[in-house]
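A short worksheet on the structure shown next.
Note that the structure is predicted; figures quoted are calculated from it, not measured. In what follows, chains carry the letters A, B, and so on, assigned in the order in which the sequence lines appear, proteins first and then strands, with residues in each chain numbered from 1. We use all heavy atoms of the structure for the numbers below, so side chains are in, but hydrogens, waters and symmetry mates are not.
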There are 2 protein chains.
Amino acid sequence: MKSVDITHRLNVFQEACERLGLKITHQRMEIYRAVIMTENHPDAVSVYHRVKKRIPMISLDTVYRNLKLLAKHGLISIVGLSQESLRFDGNMTPHHHFACVKCGMIRDFNSPAIGHLPIPEEVKGFGSPVSVHLEVKGLCATCKKSSRRN
Amino acid sequence: MKSVDITHRLNVFQEACERLGLKITHQRMEIYRAVIMTENHPDAVSVYHRVKKRIPMISLDTVYRNLKLLAKHGLISIVGLSQESLRFDGNMTPHHHFACVKCGMIRDFNSPAIGHLPIPEEVKGFGSPVSVHLEVKGLCATCKKSSRRN
DNA sequence: CATGATAATAAGAATTATTCCTAATTGAGA
DNA sequence: TCTCAATTAGGAATAATTCTTATTATCATG
Ligand SMILES: [Mn+2]
Ligand SMILES: [Mn+2]
Ligand SMILES: [Zn+2]
Ligand SMILES: [Zn+2]
């Protein structure tokens, strides 16, 4: 992502925090920045290490607290398979995921066909859907290769 | 599920174990039975408690070990949101899930439309897809009610 | 049916991810 | 500037899952 886009997103984020009554702290800004800077759907520890380069005294708890808070307010989202640690996604435009069941790699993809799928009536009876998301599980190219060797 | 169906599935399971070289132990059979007996996508502790009624000395470790082993061999599957403990699903026919982000309730649904979705070419470049699964997240009817009260 | 190899088990310890606790600090409105 | 609720760092606590080890059970084979 280009640095001009980052700057723009940080501005939008700051406005969102104001609107939501969240204080704009150095830690919060850097945590958000670390999430949107990567396409890797990082986990909390990975975010922690990135932020630590800029704020050496940051605590892991602060990272968790903010990631969860931002997710609660819909500024980032929590993704990933249930077998692993939490993974965070700064890309809030609707999209889908390919997830490798072996190494945990998660890649984005889009699908116009899936974009406007009708949600079955049956589902509305369960409750209020908020998001619809296609999860393709499998082996990534790298893991497929390494498993062939065995 | 009718008891005749359960019996049939246990027979099929037993054959699958033989084919895979897995020993047919009392614990393994009861763990599998507990998973297929419910539509609730139970977690490991819940399976543990059900099995304990029939095998009081069962250990939680044995439950985990078997659930993971059976999942590895494709006899059951692991589902659920990444924020929670592992949830297991004995229904191996293709289907989709509605998941409540608040209480963790997971309900099955089918969709002929989704059944034969084309997987985008882009995705095949990431690796070998094994399963395609639609995840609808939202608030279940019960949680929606209780959150209105606040 | 008895036996031996080996897979599987129970129990509890260990590990890991995540959350909680508390005292100190800080952002932002008055 | 002053005030105070929100936020933080650091460490302790918790909860889910996995590991270790001694014991037991399954099942192929004789
Ligand atoms: Mn994504
Ligand atoms: Mn299901
Ligand atoms: Zn992989
Ligand atoms: Zn619910």
Side-chain angles (χ1 to χ4, degrees), chain A residues 10 13-32 34-35 41-49 51-73 75-76 78-88 101 104, chain B residues 10 13-32 34-35 41-49 51-73 75-76 78-88 101 104:
Chain A
L10 290 176
F13 175 69
Q14 198 158 326
E15 284 161 21
C17 285
E18 283 164 12
R19 183 165 19 88
L20 294 164
L22 305 178
K23 290 188 179 171
I24 295 160
T25 66
H26 186 196
Q27 290 89 339
R28 184 162 289 156
M29 292 302 288
E30 291 299 335
I31 289 165
Y32 181 74
V35 173
H41 307 86
D43 65 8
V45 170
S46 165
V47 171
Y48 172 68
H49 286 128
V51 173
K52 214 169 186 194
K53 291 177 185 164
R54 303 176 138 245
I55 311 179
M57 302 316 283
I58 189 92
S59 83
L60 181 55
D61 180 57
T62 296
V63 172
Y64 269 108
R65 196 168 1 88
N66 276 285
L67 289 171
K68 289 233 153 179
L69 185 69
L70 300 188
K72 190 169 86 176
H73 288 294
L75 300 173
I76 65 176
I78 299 177
V79 299
L81 306 179
S82 66
Q83 358 207 358
E84 306 183 311
S85 53
L86 299 174
R87 302 282 289 270
F88 299 90
V101 296
Chain B
L10 290 176
F13 175 70
Q14 197 156 327
E15 284 162 22
C17 286
E18 283 164 11
R19 183 165 17 87
L20 293 163
L22 304 178
K23 290 186 178 170
I24 296 161
T25 66
H26 186 196
Q27 291 88 339
R28 181 161 292 155
M29 291 303 286
E30 290 300 334
I31 288 165
Y32 180 74
V35 173
H41 306 87
D43 65 9
V45 171
S46 165
V47 172
Y48 172 67
H49 286 129
V51 173
K52 215 169 187 193
K53 290 176 186 163
R54 302 177 136 244
I55 310 179
M57 301 316 282
I58 188 94
S59 84
L60 181 55
D61 180 58
T62 296
V63 173
Y64 269 108
R65 196 169 2 88
N66 276 284
L67 290 172
K68 289 233 151 179
L69 184 71
L70 301 188
K72 191 169 86 175
H73 287 294
L75 301 173
I76 65 177
I78 298 179
V79 300
L81 306 179
S82 66
Q83 0 209 354
E84 308 182 311
S85 53
L86 298 174
R87 303 281 289 269
F88 300 89
V101 296

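- Residue Ile58(B) contributes atom CD1, which lies 10 Å from atom P of dA11(C) at whole-angstrom precision.
- One distance of note links CD1 of Ile76(B) with CG of Leu70(B); it measures 5.0 Å at 0.5 Å rounding.
- Judged as a side chain to side chain donor-acceptor pair (under 3.5 Å), and not counting sequence neighbours, Gln27(B) has no contacts.
- By the ring-ring contact (aromatic ring centres under 6.0 Å, His included) test, Tyr32(A) is found to be paired with Phe13(A), residues two or more places apart in sequence or in another chain being considered.
- With sequence neighbours excluded, no residue forms a salt bridge (charged side-chain N to carboxylate O under 4.0 Å, His left out) with Glu15(B).
- By the side chain to side chain donor-acceptor pair (under 3.5 Å) test, Thr62(A) is found to be paired with Ser59(A), Arg65(A), residues two or more places apart in sequence or in another chain being considered.
- Summarising the geometry, the separation between OH on Tyr48(A) and C1' on dT16(C) is reported as 15 Å, rounded to the nearest angstrom.
- In this structure Tyr48(B) satisfies the side chain to side chain donor-acceptor pair (under 3.5 Å) test together with Lys52(B), sequence neighbours excluded.
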Give each protein N/O atom lying under 3.5 Å from an N/O atom of nucleotides 1-7 of chain C, with the pair distance.
{"unit_1": "dT6(C)", "atom_1": "O2", "unit_2": "Lys23(B)", "atom_2": "NZ", "d": "3.1"}
{"unit_1": "dA7(C)", "atom_1": "O4'", "unit_2": "Lys23(B)", "atom_2": "NZ", "d": "3.0"}

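- In this structure, Lys72(A) atom NZ and dT19(C) atom P are separated by 12 Å, rounded to whole Å.
- One interatomic measurement links the two molecules: CD1 of Ile55(B) to P of dT24(D), which rounds to 17 Å at whole-angstrom precision.
- Close to dT8(D), at under 4.0 Å from its OP1 or OP2, lies a side-chain N or O of Thr25(A).
- Distances from the side chain of Ile24(B) to the nucleotides dA9(D), dT18(C), dC27(D) place dC27(D) closest.
- Here the P atom of nucleotide dA16(D) and the CG atom of Leu60(B) are 10 Å apart, to the nearest Å.
- For Arg28(B), the salt bridge (charged side-chain N to carboxylate O under 4.0 Å, His left out) test picks out no residue, with sequence neighbours left out.
- For His26(A) and dT8(D), the NE2 to P distance is 11 Å, given to the nearest whole Å.
- In terms of the side-chain contact (heavy atoms from CB on, under 4.5 Å) criterion, residue partners of Val79(A) (sequence neighbours excluded) are, by chain and number, His41(A), Ser77(A), Arg87(A), Asp89(A), His97(A), Ile106(A).
- Taking 4.0 angstrom as the limit, Ser59(B) places none of its side-chain polar atoms (N or O) nearer than this to OP1 or OP2 of dG12(C).
- Summary for the helix from dC1(C)-dG30(D) to dA30(C)-dT1(D): the axes at its two ends, each from 5 pairs, differ by 40° when rounded to the nearest 10 degrees.
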Run the side-chain donor-acceptor check on residues 17-24 of chain A: report pairs under 3.5 Å with partners two or more places apart or on a different chain.
none

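- If you check residues 61-69 of chain A against DNA chain C, the residues with a heavy atom closer than 4.0 Å are Asp61(A), Tyr64(A), Lys68(A), listed by number.
- Atom pair Met29(A):CE and dG27(C):P shows a separation of 13 Å (rounding to whole Å applied).
- The phosphate of dA9(D) has OP1 or OP2 within less than 4.0 Å of a side-chain N or O from Gln27(A).
- Residues Ile58(B) and Glu30(B) have side chains not in contact (no heavy-atom distance under 4.5 Å, counting atoms from C-beta outward).
- Summarising the geometry, atom CD1 belonging to Ile55(B) is positioned 7.5 Å from atom OG1 belonging to Thr25(B); distances are rounded to the nearest 0.5 Å.
- Asp43(B) places its CG atom 13 Å from the P atom of dT18(D), with the value rounded to the nearest Å.
- Considering only residues two or more places apart in sequence or on other chains, Asp43(B) meets the salt bridge (charged side-chain N to carboxylate O under 4.0 Å, His left out) condition with none of them.
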